[in-house]
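In this text, all values refer to a predicted model and were calculated from it rather than measured experimentally. Any value given below was found using the heavy atoms of this structure, including those in side chains, with hydrogens, waters and symmetry copies removed.
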2 protein chains.
Amino acid sequence: MSTQQSLPKYLQISELLIRDIAAGRLEDGARLPTERDLAAQLSTSVGTLRKALSELERQGLLERVQGSGNYIRSKSEVNSIYSFFRVELLEGGGLPRAEVLDVSKQAKPTEFPYFGSNNEGFRIRRMRYLNDIPAVLEEIWLDANHAKTITPADLNEALYVYYRKSLDLWITRVEDRIGLQPKPTWCPEYLHLNDTTVCVDRLSFDQRDQPVEFSKSWINSDVAQYVARIK
Amino acid sequence: MSTQQSLPKYLQISELLIRDIAAGRLEDGARLPTERDLAAQLSTSVGTLRKALSELERQGLLERVQGSGNYIRSKSEVNSIYSFFRVELLEGGGLPRAEVLDVSKQAKPTEFPYFGSNNEGFRIRRMRYLNDIPAVLEEIWLDANHAKTITPADLNEALYVYYRKSLDLWITRVEDRIGLQPKPTWCPEYLHLNDTTVCVDRLSFDQRDQPVEFSKSWINSDVAQYVARIK
DNA sequence: AGGAATTTGTGCGTATGTATC
DNA sequence: AGATACATACGCACAAATTCC
């Protein structure tokens, strides 16, 4: 049988604090109780608590100041903000790879924005890899008006290429919104996501500037310390 | 006099190992002695050694495998292990262009992370253009130890090229954090930013892996043509 | 200005859990 | 199944930075 163990205590604590931040119970700038006090409240040792706090610091949610205290640094406001950001992967080096996890036709969730008149859509779930590291979990919804069926075999090439070649559908523009959202319930075990994680919502528009596709991308929090160089 | 303190022991150890890797004394794939043995060799405790190893892991130089051992990972892919989105402009039009708005020497804001021992830094503010559209507003801080003066004329070429040619400073690694931050007060009228906007904080490291530069980039929310590429 | 109190950082030791070989 | 090796967890002492008086 599987020996599915509960998370280590230090991760349980960091996730607890993250939820408190996301829910607004801990606001930006707030100072935590002293480590000894907080450890006592949580029935843990100072060392374990410190490891949890280090995790928060690594995620940029906490600033730790020796001699002073631990301060929340939440870049919140997340939900209400509209930011446009297009995230794609590069060809050079290893090809960016995507593995299709599931394809199905479903009724569109009611909370989604408008992306076509059909009540149903094709739902594609896939994992994108960067250098063979699972990096981004995606759920892509295409309005059902644009295809009779879609199978994983159709998706061997880039999605937009498939749209163009097989569906006569050109994506000419996208709008992205970045924010924090809950981890999806269908996230595979091998991709580590926090309970609340960075998520990009994308609405894609066709050649007539009509919205035809909506997608959500959850970014691997282990891969969330970014980087690179400006060319 | 300067209060040059010795580094904490755990950092001394991680730097020692980094030098061994850089010098080829520890090759890619090599397995370190067990933590207890290595700690004994280095006359330290297992806990302190583990903290040093965590630092190496954070830098992508070490892979730690429970039940097996600690393995050197010194491929030139060091940067990409950490993930990393390479933010560039989409090809298409002309060369990416940057306009220097202001250069001055200032005391470093206290809330900035450590990027050199000098209390002052050179502050460079500039606008980057994408196809002649103002796209990214940048504020770059270089630790004042690295130059006597900097003038806009120095910055005609790419910043890192200037660093290398004129300041004998190589940027070998950067760490970026993406988040949402307030629009800067000095944002020119002609760049449209939301009150809260996507911001990338970048800490850059020199050839000795010391942080020497810190920058903040605010991204024009109207511009959807950004591509985040991985190196 | 300066010293005491507070608070986080470093370092050590030990015991136990869990994955690998 | 046993041995080995890293991961987690606890506790303590002291150092260093900050804050308060």
Side-chain angles (χ1 to χ4, degrees), chain A residues 1-17 26 29-73 189-190 192 222, chain B residues 1-17 26 29-73 108-114 117 119 211:
Chain A
M1 301 303 294
S2 145
T3 63
Q4 180 65 21
Q5 294 294 337
S6 62
L7 278 177
K9 188 186 267 196
Y10 77 93
L11 284 180
Q12 290 182 33
I13 293 172
S14 65
E15 304 261 332
L16 171 73
L17 293 171
L26 287 173
R31 193 187 126 165
L32 296 183
T34 71
E35 295 180 349
R36 275 176 44 186
D37 290 350
L38 190 51
Q41 285 181 33
L42 298 170
S43 303
T44 189
S45 69
V46 175
T48 300
L49 172 64
R50 284 178 59 76
K51 196 157 182 186
L53 297 179
S54 293
E55 186 63 21
L56 289 187
E57 183 182 42
R58 193 183 65 78
Q59 296 182 24
L61 292 172
L62 188 74
E63 182 180 1
R64 313 182 65 183
V65 183
Q66 181 176 169
S68 180
N70 294 294
Y71 302 88
I72 300 295
R73 289 286 174 264
E189 289 292 336
Y190 60 83
H192 174 245
D222 283 339
Chain B
M1 298 304 295
S2 108
T3 62
Q4 182 64 22
Q5 295 292 342
S6 64
L7 282 176
K9 187 185 268 196
Y10 77 93
L11 284 181
Q12 289 181 34
I13 293 171
S14 66
E15 303 264 328
L16 171 72
L17 293 171
L26 287 174
R31 191 185 128 165
L32 296 184
T34 71
E35 294 181 348
R36 273 178 47 188
D37 290 349
L38 189 51
Q41 284 179 33
L42 297 170
S43 302
T44 189
S45 68
V46 175
T48 299
L49 173 63
R50 283 179 58 77
K51 200 160 177 182
L53 297 180
S54 292
E55 186 64 22
L56 290 187
E57 184 182 40
R58 192 186 65 79
Q59 294 184 25
L61 294 172
L62 188 74
E63 182 181 1
R64 313 183 66 186
V65 184
Q66 181 177 170
S68 179
N70 293 295
Y71 301 87
I72 300 295
R73 288 287 175 263
K108 294 175 180 174
T110 55
E111 71 272 13
F112 281 7
Y114 178 83
S117 60
N119 291 326

Protein and nucleotides 3-5 of chain D: nitrogen or oxygen contacts under 3.5 angstrom:
none

Checklist entry - Going by heavy atoms in the side chains, are A:V46 and A:R50 under 4.5 Å from each other? => result yes

Next on the checklist: Out of the candidates B:L17, B:L32, B:N70, B:I72, only one should pair with B:L56 under the side-chain contact (heavy atoms from CB on, under 4.5 Å) rule; please name it.
Outcome noted: B:L17

Item to check | ring-ring contact (aromatic ring centres under 6.0 Å, His included) partners of B:F112, counting only residues at least two apart | outcome: B:W141, B:F214

Item to check | Separation of atom OH in B:Y10 from atom P in D:dA16, rounded to whole Å | outcome: 14 Å

Item to check | Atom-pair distance (CD1 on A:I13; P on D:dT8), nearest Å | outcome: 13 Å

Checklist entry - Nearest-Å distance, CD (B:E63) to C1' (C:dT20)? => result 13 Å

Next on the checklist: Could you tell me how far apart A:E57 (CD) and C:dT7 (P) are, to the nearest whole angstrom?
Outcome noted: 19 Å

Checklist entry - Out of curiosity, B:L16 CG to B:L11 CG, how far, rounded to the nearest 0.5 Å? => result 12.0 Å

Next on the checklist: Less than 4.0 angstrom between a side-chain N/O of A:K51 and OP1 or OP2 of D:dA9, yes or no?
Outcome noted: no

Checklist entry - Once you round it to whole Å, what is the distance between C1' of D:dA7 and CZ of A:R50? => result 18 Å

Checklist entry - In whole angstrom, what separates A:R36's CZ from C:dG9's C1'? => result 15 Å

Checklist entry - Side chains of A:K51 and A:S14: does their closest heavy-atom pair fall under 4.5 Å? => result no

Checklist entry - What distance do B:L42 atom CG and B:Q12 atom CD have between them, rounded to the nearest 0.5 Å? => result 11.0 Å

Item to check | Trace of the side chain to side chain contact (heavy atoms under 4.5 Å, CB included) decision for B:I13 with B:K9 | outcome: CA-CA 6 Å; B:I13 293 171; B:K9 187 185 268 196; 4.1 Å; yes

At a cut-off of 3.5 Å, list every protein nitrogen or oxygen paired with a nitrogen or oxygen from nucleotides 10-13 of chain D, distance to 0.1 Å.
residue: D:dC10; atom: OP1; partner: A:K9; partner atom: NZ; Å: 3.0
residue: D:dC10; atom: OP2; partner: A:T44; partner atom: OG1; Å: 2.7
residue: D:dC10; atom: OP2; partner: A:S45; partner atom: N; Å: 3.1
residue: D:dC10; atom: OP2; partner: A:S45; partner atom: OG; Å: 3.0
residue: D:dC10; atom: OP2; partner: A:T48; partner atom: OG1; Å: 2.5

Checklist outcome for this item: Here the distance between atom C1' of D:dT18 and atom CZ of A:R64, to the nearest Å, is 15 Å

Checklist entry - Given atom OH of A:Y71 and atom P of D:dT19, what is their separation to the nearest angstrom? => result 6 Å

Next on the checklist: Please determine whether the number of non-hydrogen atoms from other residues, nucleotides or ligands lying under 6.0 Å from atom CG of A:D37 exceeds 12.
Outcome noted: yes

Checklist entry - Out of curiosity, A:L49 CG to A:L38 CG, how far, rounded to the nearest 0.5 Å? => result 4.5 Å

